[in-house]
Amino acid sequence: MNGQNPVFIPGPTNIPDRLRHAMNVQTSDHRAPDFVNLLAPLIEDLKKIFKTRTGSVITFPSSGTGGWEAAITNTLSPGDKVLVARYGMFSHRWIDLCQRHNLDVEIIECEWGTGAPANLFGERLASDTSHNIKALLITHNETATGVRSDIAAVRQAMNKANHPALLYVDCVSSLASMDFRMDDWGVDLAVSGSQKGFMLATGMAIIGVSEKALAAGESATCPRCFFDFRDMGNANASGGFPYTPPFQLLMGLRESLDMLFEEGLENVFARHYRLAQGVRKAVEAWGMKLCARTPDLYSDTVSTIYTPDGFDSNILTNHAYDKYDVSFGIGLGEMNTKAFRIGHLGSLSDVMVLAGLSAIEMAMVDLSYPVKLGYGVAAAQEYYRNSDNLAQSKAA
Ligand SMILES: *Cc1c(COP(=O)(O)O)cnc(C)c1O
């Protein structure tokens with residue numbers, strides 16, 4: 001391992017030097033009176049990332065999955081009915097988590113490669129005239145299939161059915177890399193984590209919570225302790241944590257937010273679109289297919305790519321790792337052995353993506369894929385060469 005090659009897994013993502021340095025700090029007293037000077041602006045700035053003015057942001061020391069558990073246990077009671085569509089490994093894991101918390105989970109099965117079925121949700125909610133359904137759970141960016149769902153369309157369907165269910169959105173692999181609008185889309189609980197768009201080490205769950213969701217918490221009876229919004233909210237309000245905060249991660253988060261604001265959120269999104277387009281051009285040149293069915297579903301943070309019939313995608317990703325020391329995402333769940341993933345989110349540039357495409361292309365040729373050296377890379381080069389690099393035009 002040379003330790004210098006970027007990873008092309010869709011999280012955890014590459015940690016830029018600037019953030020690694022920011023996290024490399026000595027222990028500091030979290031009960032000192034000036035801890036609030038670090039914490040309060042972080043919370044305010046995170047609201048800008050979620051695009052919420054009326055909501056709150058709550059963080060926990062945890063990976064993203066803990067954020068899900070917090071969102072569920074703080075707002076629902078055992079036996080509550082929740083509606084969720086399964087279209088990939090992460091939406092599947094929401095289902096599992098809800099079932100283990102004894103919620104009554106109604107599942108809409110969808111083909112992997114499709115997104116959140118706004119129409120079906122709308123029909124189901126319209127038929128739920130007694131409002132038994134308490135929550136709708138959506139994975140904004142299904143990291144297993146490389147599909148981005150249309151949250152605005154889901155919100156429209158909910159409004160049309162005039163249904164009061166809370167809207168929960170997993171934005172772990174989309175926040176701070178693709179557009180996310182908590183207030184505009186009427187999202188009640190938006191769950192994210194530190195190790196993807198924020199480019200940090202794993203270890204913080206970051207959750208946007210609407211006023212309506214906070215109010216629902218007053219009567220929710222799911223047991224919670226470590227993840228209690230009230231304890232965290234009260235402690236944050238007086239400048240601290242109810243337990244030991246992940247100080248080094250908070251220092252990293254300060255720097256991460258500064259980096260995102262310096263580049264400009266909209267430029268961050270444009271960069272991710274551009275990186276993703278280059279990858280998609282390469283996939284097309286290889287004659288391969290994306291798992292995402294239609295262009296409106298294409299994710300700008302991860303591409304899930306079917307290998308040709310008879311080619312095991314695990315052999316490909318293992319070979320790329322063993323011979324070229326580069327990590328790509330394996331196929332998850334139903335996609336295992338059939339597809340591999342190129343993560344293109346976080347701290348990445350055109351040049352880094354070209355290196356990744358070059359490495360996986362070499363691995364494919366080694367394994368006798370029907371692909372010629374340079375084809376995918378050239379297609380991406382051509383795209384990057386001819387399309388405006390916003391980061392550069394901004395610096396100029
Ligand atoms: C990474 C990811 C998660 C969170 O996983 P953790 O490993 O618990 O941080 C959740 N949902 C999606 C869509 C993800 O990509």
Side-chain angles (χ1 to χ4, degrees), residues 7-15 50 58-73 84-98 100-101 110 112-116 136-151 154 167-180 187 189-208 226-227 246 249 252-253 256 272 276 291-292 297-304 327-336 339-348:
V7 294
F8 295 93
I9 52 175
T13 62
N14 301 293
I15 306 178
F50 282 103
I58 297 187
T59 70
F60 292 102
S62 161
S63 81
T65 308
W68 286 355
E69 185 147 309
I72 294 296
T73 55
V84 53
R86 174 158 41 207
Y87 44 83
M89 199 61 191
F90 291 90
S91 40
H92 167 73
R93 286 177 48 198
W94 267 110
I95 291 168
D96 177 45
L97 187 127
C98 289
R100 292 202 221 176
H101 282 288
C110 300
W112 289 33
T114 62
L136 193 59
L137 273 53
I138 317 272
T139 300
H140 181 211
N141 188 67
E142 182 39 270
T143 317
T145 57
V147 165
R148 167 174 42 186
S149 287
D150 185 347
I151 307 298
V154 172
L167 177 60
Y168 297 58
V169 178
D170 167 353
C171 54
V172 183
S173 62
S174 55
L175 193 72
S177 34
M178 294 192 290
D179 196 16
F180 189 83
V187 175
L189 289 128
V191 177
S192 193
S194 53
Q195 80 273 27
K196 296 191 183 172
F198 290 107
M199 308 169 284
L200 291 168
T202 312
M204 269 179 82
I206 303 170
I207 312 166
F226 181 83
F227 285 129
L249 267 169
L253 184 58
S256 163
H272 280 83
C291 176
L297 297 171
Y298 290 168
S299 162
D300 289 340
T301 59
V302 54
S303 295
T304 302
S327 288
F328 294 88
I330 62 165
L332 294 179
E334 281 183 17
M335 318 304 296
N336 195 245
F340 69 101
R341 295 173 300 149
I342 300 183
H344 33 78
L345 77 154
S347 177
L348 283 174

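Every number for a ligand or one of its atoms is a count from 1 in the order of the listing.
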Within-4.5 Å side-chain heavy-atom neighbours: Phe198 and Ile206: yes
Sorted by chain and number, the residues that approach ligand 1 to under 4.0 Å with a heavy atom: Ser63, Gly64, Thr65, Trp68, Phe90, Thr139, Asn141, Thr143, Asp170, Val172, Ser173, Gln195, Lys196
Qualifying residues under side chain to side chain contact (heavy atoms under 4.5 Å, CB included), relative to Thr145, sequence neighbours excluded: Trp112, Glu142, Val147, Cys291
All side chain to side chain contact (heavy atoms under 4.5 Å, CB included) counterparts of Ala339, not counting sequence neighbours: Thr304, Tyr306, Met335
Nearest non-hydrogen partners of Ser299 and His344, listed with the distance: O-CE1, 3.8 Å
Non-hydrogen atoms of Ser91 and Ala85 that approach each other most closely: CB-O, 3.4 Å
Within residues 190-199 or reaching into it, pairs that qualify as side chain to side chain donor-acceptor pair (under 3.5 Å) - sequence neighbours excluded: none
